[in-house]
Amino acid sequence: MLKAIAKAVGISVEDVVKDYKKSGDLGTTVESLVSKKRQRTLGAEQLTVGKVFANLQAISEHSGSGSQDRKLDLIAELLSQATALEAKYIARTVLEQLRIGVAEGLVRDAVASAYNVSVDDVEGAWNLLPDFGEVAKVAKEDGEKGLKKFKLRLGTPFIVQLAEKSPGLKEAITSFKKVILEYKYDGMRTLIHKKGEKIWLFTRNLENITVAFPDLVQMARKQIKAEDCVLDGETIGLDKKTGKPVPFQQLSTRIKRKYDIEKAFGEIPIEVNLFDIVYLDGKNLMDLTFEERRKYLEKAVKETDKFHIAKGFVTSDLKEAETFYKEALKAGEEGVIVKDMEALYVPGRRVAGGWLKIKPVMESLDVVIVGGTWGTGKRAGTIGSLHLAIREPETGRFLECGMLGTGLKEKKSEQAGSATLKEMTKLLKPLVESEDGSLVRFKPKIVIEVAYEEIQKSPTYVSGYALRFPRFIRIRFDKGPDEADDLNRMEKLYKQQKGRGK
DNA sequence: ATTGCCTGCCC
DNA sequence: ATTCTGC
DNA sequence: GCAGAATGGGCAGGCAAT
């Protein structure tokens with residue numbers, strides 16, 4: 001896109017980048033660049049919707065050698081024929097970043113409003129067939145009656161229920177009248193659709209991953225007793241020697257694989273942990289309670305050691321719950337999910353369905369800010385992400401261990417050490433050492449406390465480690481960079497994780 | 001053939 | 001994934 | 001509580017440059 005804008009406006013890519021750094025939005029950038037240019041060259045031909053559509057269509061169809069250049073030309077052509085305002089939204093459309101405050105929720109409401117049907121009916125239909133094109137068509141042609149007829153279709157992915165993060169085990173088990181605790185596995189959400197001999201596998205984002213997991217398909221075909229059904233579960237990778245869960249990174253080598261699939265599944269065997277059933281022999285089970293669904297689940301599968309129901313335990317006793325939780329961690333799993341036995345299956349929701357996730361809180365780390373990236377969108381003009389480093393005790397050098405982009409506030413707060421994006425940017429400005437495009441390097445002065453879920457081995461960062469899900473906690477004004485945590489501590493924490501310690 | 005960057009999708 | 005914010 | 005918009009590590013694969 002940078003190149004396309006440069007070409008359309010007739011300036012260098014560097015100059016486009018310069019503007020982009022300030023605006024944080026290539027749409028805004030191209031708008032202002034085009035309007036400047038237009039003051040000089042007037043009278044371009046008018047762009048039509050048909051032309052825009054044709055070019056976008058053509059872009060989507062190009063592939064193979066030299067395709068990038070052709071795509072670039074097609075975008076540049078549109079941009080150079082567009083008015084400033086048109087260019088802004090063409091750029092944003094291509095980048096899929098409209099930034100107009102409209103996403104699924106508003107489209108849903110708009111469909112309801114346009115065809116005078118209820119939001120709930122639109123949402124209900126969309127949950128089962130997540131395609132607003134289809135849903136809007138039915139809403140227009142058949143109204144509520146049509147929407148209510150939507151059924152879960154085997155082979156078509158639907159919106160799945162999610163879990164909410166809970167502050168602690170005690171809060172979680174006292175949230176509901178009757179709860180079950182289940183192991184939380186660090187793997188890949190897997191929806192198994194079965195229709196006779198036919199099996200489909202989908203991820204939580206509706207992707208069809210059937211071809212990448214022939215081993216899973218085979219297990220499903222063999223172990224599911226029900227003729228037609230949809231099962232919900234989590235697939236993890238196992239170490240082929242020890243049989244213990246492998247880090248998510250290893251499982252992920254299998255997820256998008258198109259080649260050498262057979263070889264990969266020999267290397268990383270899988271284990272399927274089923275925790276729900278959503279459809280059985282023609283009936284949608286989402287309106288049953290979890291307790292009822294779980295009984296159906298037990299009847300639907302013949303369990304083996306690699307294809308089974310997630311390990312669960314019914315209790316309201318905190319001591320017992322804690323024991324079970326520790327057991328999960330010791331087994332190398334991620335934590336537990338506490339489930340409301342009386343909750344229905346609520347697609348797309350984190351709260352209404354009564355699933356609470358509990359994971360151990362890791363000791364935080366004090367690291368040094370050594371760089372940053374200029375933010376985009378609502379973070380324009382501020383450092384939107386911080387580059388972190390850990391101290392190497394022998395040399396005193398600061399070795400990069402990842403980036404961080406969440407936890408910083410937009411609004412001021414009184415909390416000690418808390419910082420808004422603006423304040424952080426102001427603090428860092430005097431420390432700039434060099435800039436390269438959107439990247440900035442800072443003198444290593446500021447120490448911040450960061451939280452995370454896991455320390456990973458990293459192939460990208462020089463320290464050899466990176467943080468999974470890092471977030472900002474506070475600035476350590478009381479610490480200089482030489483007092484920041486060092487690599488030894490990071491290594492020690494890495495080794496203690498996942499039941500390896502204790 | 002190898003490397004390096006980008007995209008899309010898993011968490 | 002996590003987090004913050006406006007509604 | 002939801003919705004929307006910021007942002008993370010890391011993987012396979014696609015393509016361009018070398």
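You can see that DNA chain B meets the heavy atoms of chain A within a 4.0 Å-exclusive cut from B:dG8 to B:dC11, reading 5' to 3'.
Within the nucleic acid shown, A:Tyr452 has no heavy atom closer than 4.0 Å to any nucleic acid atom. Residue contacts for A:Thr376: at a heavy-atom cut-off of 4.0 Å it reaches the sugar-phosphate backbone alone, with no base atom in range.
The side chain of A:Arg471 contributes an N or O atom lying less than 4.0 Å from OP1 or OP2 of C:dT3. Contact check, A:Lys258 against D:dG13: no side-chain N or O comes under 4.0 Å of OP1 or OP2. OP1 or OP2 of C:dA1 has at least one side-chain nitrogen or oxygen of A:Arg204 nearer than 4.0 Å. Note on A:Lys457: every side-chain N or O is 4.0 Å or more away from OP1 and OP2 of D:dG9. Distances shorter than 4.0 Å separate none of the side-chain N or O atoms of A:Arg468 from OP1 or OP2 on D:dG9. Under 4.0 angstrom from either OP1 or OP2 of D:dG14 there lies at least one side-chain N or O belonging to A:Tyr259.
In terms of heavy atoms, A:Ile390 sits closest to A:Ser463 at CG2-CB, 3.8 Å. Of all the heavy atoms in A:Ile337 and A:Ala163, the pair that sits closest is CD1-CB, 4.2 Å.
Residues forming a side-chain hydrogen bond (donor to acceptor under 3.5 Å, both in side chains) with A:Asp186 (at least two apart in sequence, or on another chain): A:Arg468.
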Let me have the donor-acceptor pairs involving side chains of residues 112-119 of chain A, under 3.5 Å, with sequence neighbours excluded, atom names and distances please.
{"residue": "A:Ser118", "atom": "OG", "partner": "A:Asp121", "partner atom": "N", "Å": "3.0"}
{"residue": "A:Ser118", "atom": "OG", "partner": "A:Asp121", "partner atom": "OD2", "Å": "3.1"}

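Distance alone, capped at 3.5 Å, places no donor-acceptor pair between the A:Asp232 side chain and the A:Phe275 backbone. Counting only distance, with no hydrogens or angles, the side chain of A:Asp25 and the backbone of A:Gly27 share a donor-acceptor pair below 3.5 Å.
Taking 4.0 Å as the cut-off between side-chain N and carboxylate O, A:Arg489 and A:Glu363 count as a salt-bridged pair. A salt bridge links A:Glu400 with A:Arg441; the closest basic N to acidic carboxylate O contact falls under 4.0 Å.
Picking from D:dA6, C:dT2, D:dG10 the nucleotide with the shortest atom distance to the side chain of A:Ser458 gives D:dG10. When the nucleotides D:dA3, D:dC11, D:dA6 are ranked by their closest atom to the side chain of A:Arg108, D:dA3 comes out on top. Nearest nucleotide to the A:Arg379 side chain, out of D:dA16, D:dT7, D:dG10: D:dT7. Distance from the side chain of A:Gln249 is smallest to D:dG10 among C:dT3, D:dG10, C:dA1. Each of D:dA5, D:dC2, C:dG6 was ranked by its minimum atom distance to the side chain of A:Lys411; first place goes to C:dG6.
Across the protein-nucleic acid pair, A:Glu104 atom CD and D:dA3 atom C1' stand 10 Å apart, rounded to whole Å. For the pair A:Leu106 CG and C:dC7 C1', the computed distance is 11 Å after rounding to whole Å. Distance A:Gln161 CD to D:dC2 P: 11 Å, rounded to the nearest Å. As rounded to whole Å, 9 Å separates atom P of D:dT7 from atom CG of A:Leu421. Distance NE2 (A:His62) to C1' (D:dA16): 16 Å, rounded to an integer number of Å. Distance CG (A:Leu251) to P (D:dA12): 11 Å, rounded to an integer number of Å. Residue A:Leu162 contributes atom CG, which lies 10 Å from atom P of D:dC2 at whole-angstrom precision. Residue A:Met362 contributes atom CE, which lies 16 Å from atom C1' of C:dT2 at whole-angstrom precision.
Place A:Met188 and A:Lys256 on DNA chain B by their nearest nucleotides, and A:Lys256 ends up nearer the 5' end. In terms of position on DNA chain D, the residue among A:Gly101 and A:Tyr465 whose nearest nucleotide sits closer to the 5' end is A:Gly101. When each of A:Phe248 and A:Arg350 is assigned the nucleotide of DNA chain D with its nearest heavy atom, A:Arg350 is the one assigned upstream, toward the 5' end. Residue-to-nucleotide proximity on DNA chain B shows that, of A:Ser252 and A:Gln68, the 5′-proximal contact is made by A:Gln68.
The side-chain tip of A:Lys457 points at the ring of A:Tyr494 from less than 6.0 angstrom away and within 45° of straight on.
Side-chain N/O atoms of A:Thr406 and base N/O atoms of C:dT2 include a donor-acceptor pair closer than 3.5 Å.
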